[in-house]
Amino acid sequence: MPEAYTEEKINRIGNRALARALWPFIRPFFWMLALSTLLVFVVTLLELMMPIFTQRAFDGFIVPVNDHAGTTLFGMEIPGFKEFCLMFGAFILLLLAVDFSQTLFMEYTGQRIILNLRNALFDHMAHLPVSFFDKNSSGRLVSRVAGDIENMNEMFTTVLIFIFKDILFMAAILVVLFTIDAELAFYLSLLVPVIMISTAGFSKLLRKAFRVIRQKVAEINHSFSEAVTGIKIIQTCSAEKNFITRFKRLNFDNYLAALYQIKIFAVFMPFIGFLGTVSVAVILWNASFKVMEKTLTIGELVAFLTYMKLFFRPLRELSEKFNFLQNALASAERIVTVLQNKPPAKLPDNRYRSVSSIDTLAFDRVDFSYETGKPVLHQISFDLSRGQSVGIVGHTGSGKSSIINLITGFYAPDNGRILINETDHSRIPIKTIRGKTALVMQDPVLFSGTIAENISPGSPMGMAAKENRPDGRLARRQDRTALEHALYQANCDFLFDKFDGLDTRIEEGGQPLSSGEKQLVCIARAFAFNPDLIIFDEATSYMDSHSEQRVHDAMNKLMTGRMSIIIAHRLSTVRECDKIILLRDGAVREQGNHESLVRSGGEYYHLLQKEKITSDLSG
């Protein structure tokens, strides 16, 4: 088993570019964010009033500065301590109510943004070309839709609003401190540029660290997904040790990346704490002389120190929030990188041709390569009409599956033309072509759900969608009848004998069906789809003779009256085709029906003889 693995590319995107890319998802909820911000402002204002109550309690009642107890608050005379405590209690209840409302509304807003962003990301990925998925593993893409989106959830629901709140809170505290004692407040304000410069520097280091962490997490997901998918091969080949070693190496790399981030944060937080300690010492030193000189009251000193404590509390929180923010921005870079992959360009609507059915298909000197300079197909030409079948044979890597990718529009040819009804393939909407084409692959694909949901045309949940129609019950009954007929046509009567027919539950990997049974269900899906063009890509590989016979019988019924393309390794699979194309090294070496190719005594004939000898020996 290979030891190497492909590292994910780290993308760096500026904050402005990120903001522009994410703005379309934020814009519909901007008014909700604005309201959340307003509530944050109200909460900040109320919290700023808390030390005022403390100062009034000291100077008015605990250590009165006047000859009699009492104080004024918000322009009201408060003669007794009992009345003061009642007002303070009412104020705290108001603060709790506003803070609760602000938190609830902010969380709701953030969740709505994340909901739309995750839906948009999945929708965008669903329309990306197959080449995108060829270059990006499922594990890495899952880490974007799940892990990276969740990191951004933290940013929208907590980080951004609270960063704004903390900055606003600190600015307001400085203003209040200047009203209490301008000299002491000036000493404290000298820390602000130091804090801003250090925060900016640490933010860059943290972003870099989190980029690496998100990359390593994606590689772990990729390795785990790969191992789970191929666990049978791993255990059969006794390769557990190699894969465990590889996983441990990836996990240790992630540990080192996380440790680097922790070291940065471990320096940043004590540094902020050190600044706070120094500032408190400086303020106490100067304030002690002011108290002795009677230019500062005990209540004012207590209020000043309380505000200083409040000043450094959001500063410490800001440090933690910047940690979350840089993590979220690193995830945002990865999400925006996916969104920057554009779906295939479409022609203007007036340039497309409408096609009611596919009656003819032709390749005209088609060249194709997945990578520049590495041709896969060269000058491929053949034609096919309704009711005809063509078999394409050749060794592995000869280009057979690439022809399917071109027909279904997963890739576009480099040169030459693909014609449908004598119209260039690119001039017909790809959805129209795929809507009239059924593809039965070598590895049958079934989704979790019922058989009905798997074979219903349009989508795996196609039948369930009809429930909401006014005539939903009648439509559902008619659909079930049509789908049951498709199952019987595809020799899927075993579903009614051994299972629950259309209501049979399919689990991950197509369980509880065998390989041949899964393929028959896929053929039933094609029957229900009623296409004009059928493509079989090694549809009978890895089957026992009984299952292969049933699949062949279902294929023959499906091919009747339709165009069909059969990709096969074994020549016996295509001998009944109207036309057989032999590919080698991406080029057509021989073309004709079975009899003419045998008579020519060429490469097809020699392959046939070799296959016959192999069959006799195995027999």
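Being a predicted model, the structure only gives us computed values, none of them experimental.
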| task | Measure the CZ-CE distance between Arg112 and Met32 for me, rounded to the nearest 0.5 Å. | result | 6.0 Å
| task | Can you measure from OG1 (Thr504) to CG (Leu446) and round to the nearest 0.5 angstrom? | result | 11.5 Å
| request: Tell me, with the steps shown, if Leu502 and Thr450 meet side-chain contact (heavy atoms from CB on, under 4.5 Å). | output: CA-CA 7 Å; Leu502 289 173; Thr450 65; over 6 Å; no
| request: Mind listing the closest non-hydrogen atom pair of Leu483 and Ala528 along with its distance? | output: CD2-CB, 3.7 Å
| query | Is the shortest heavy-atom distance from the side chain of Ile407 to the side chain of Ile565 under 4.5 Å? | reply | yes
| task | Indicate yes or no: at least one non-hydrogen side-chain atom of Val521 is less than 4.5 angstrom from one of Ile451. | result | yes
| field | Any donor-acceptor N or O pair under 3.5 Å, side chains Asn421, Thr423 | value | no
| query | Of all residues at least two apart in sequence or in a different chain, which pass the salt bridge (charged side-chain N to carboxylate O under 4.0 Å, His left out) check with Arg434? | reply | none
| request: May I ask you to test the Phe25-Ile114 pair for a side-chain heavy-atom distance under 4.5 Å? | output: no
| request: Indicate the atoms forming the closest heavy-atom contact of Ser515 with Pro444, along with that distance. | output: O-CG, 4.1 Å
| field | His124 side-chain N/O to Asn341 backbone N/O, donor-acceptor pair under 3.5 Å | value | yes
| Point-to-point distance, once rounded to the nearest 0.5 Å, from CG of Asn454 to CZ of Arg525 | 5.5 Å
| Gap separating the CZ atom of Phe410 from the CD1 atom of Ile430, nearest 0.5 angstrom | 8.0 Å
| Close side-chain approach of Asn530 and Arg562, heavy atoms under 4.5 Å | yes
| message | Please find the pair of heavy atoms, one from Ile433 and one from His425, that lie closest to each other, and give the distance. | response | CD1-NE2, 3.6 Å
| message | Using every non-hydrogen atom in the two residues, find where Ala412 and Phe368 come nearest and quote the distance to one decimal. | response | O-CD1, 3.4 Å
| said: Is it the case that over 12 heavy atoms from other parts of the model lie below 6.0 angstrom from the CZ atom of Phe252? | reply: no
| Can Asn116 and Phe29 be said to form a side-chain contact (heavy atoms from CB on, under 4.5 Å), step by step? | CA-CA 10 Å; Asn116 282 15; Phe29 308 100; 3.3 Å; yes
| Is the closest side-chain heavy-atom distance between Leu377 and Leu406 below 4.5 Å? | yes
| request: Kindly give the heavy-atom pair with the smallest separation between Ala526 and Pro531, and that separation in Å. | output: O-CD, 3.1 Å
| message | Checking Val42 against Gln102 for the side-chain contact (heavy atoms from CB on, under 4.5 Å) test, could you report, in this order, the C-alpha distance in whole Å, the side-chain angles of both residues, the deciding distance, and whether it holds? | response | CA-CA 9 Å; Val42 174; Gln102 178 265 329; over 6 Å; no
| Side chain proximity check, Val440 to Asp537, heavy atoms < 4.5 angstrom | no
| remark: Correct closest heavy-atom pair for Ser369 and Pro375 would be CB-CA, 3.7 Å
| message | One pair to check against side-chain contact (heavy atoms from CB on, under 4.5 Å): Phe133 and Leu128. What are the steps and the verdict? | response | CA-CA 8 Å; Phe133 298 94; Leu128 289 177; 4.2 Å; yes
| field | Pair Asp532-Ser357, side-chain hydrogen bond (donor to acceptor under 3.5 Å, both in side chains): steps then yes or no | value | CA-CA 7 Å; Asp532 296 324; Ser357 63; 4.7 Å; no
| field | N-O pairing of Asp503 and Arg480 below 4.0 Å | value | yes
| So do the side chains of Phe527 and Leu558 get within less than 4.5 Å of each other, counting heavy atoms only? | yes
| message | Under a plain distance cut-off of 3.5 Å, with no hydrogens placed, do Ser402 and Tyr370 share a side-chain donor-acceptor pair? | response | yes
| Point-to-point distance, once rounded to the nearest 0.5 Å, from CG of Leu104 to CG of Asp99 | 11.5 Å
| task | Can you measure from CD1 (Ile358) to CD1 (Ile420) and round to the nearest 0.5 angstrom? | result | 4.5 Å
| Side chains of Phe132 and Val338 in contact at under 4.5 Å (non-hydrogen atoms) | yes
| task | Please state whether the rings of Tyr108 and Phe105 are parallel, tilted or perpendicular, taking 30° and 60° as the class boundaries. | result | tilted
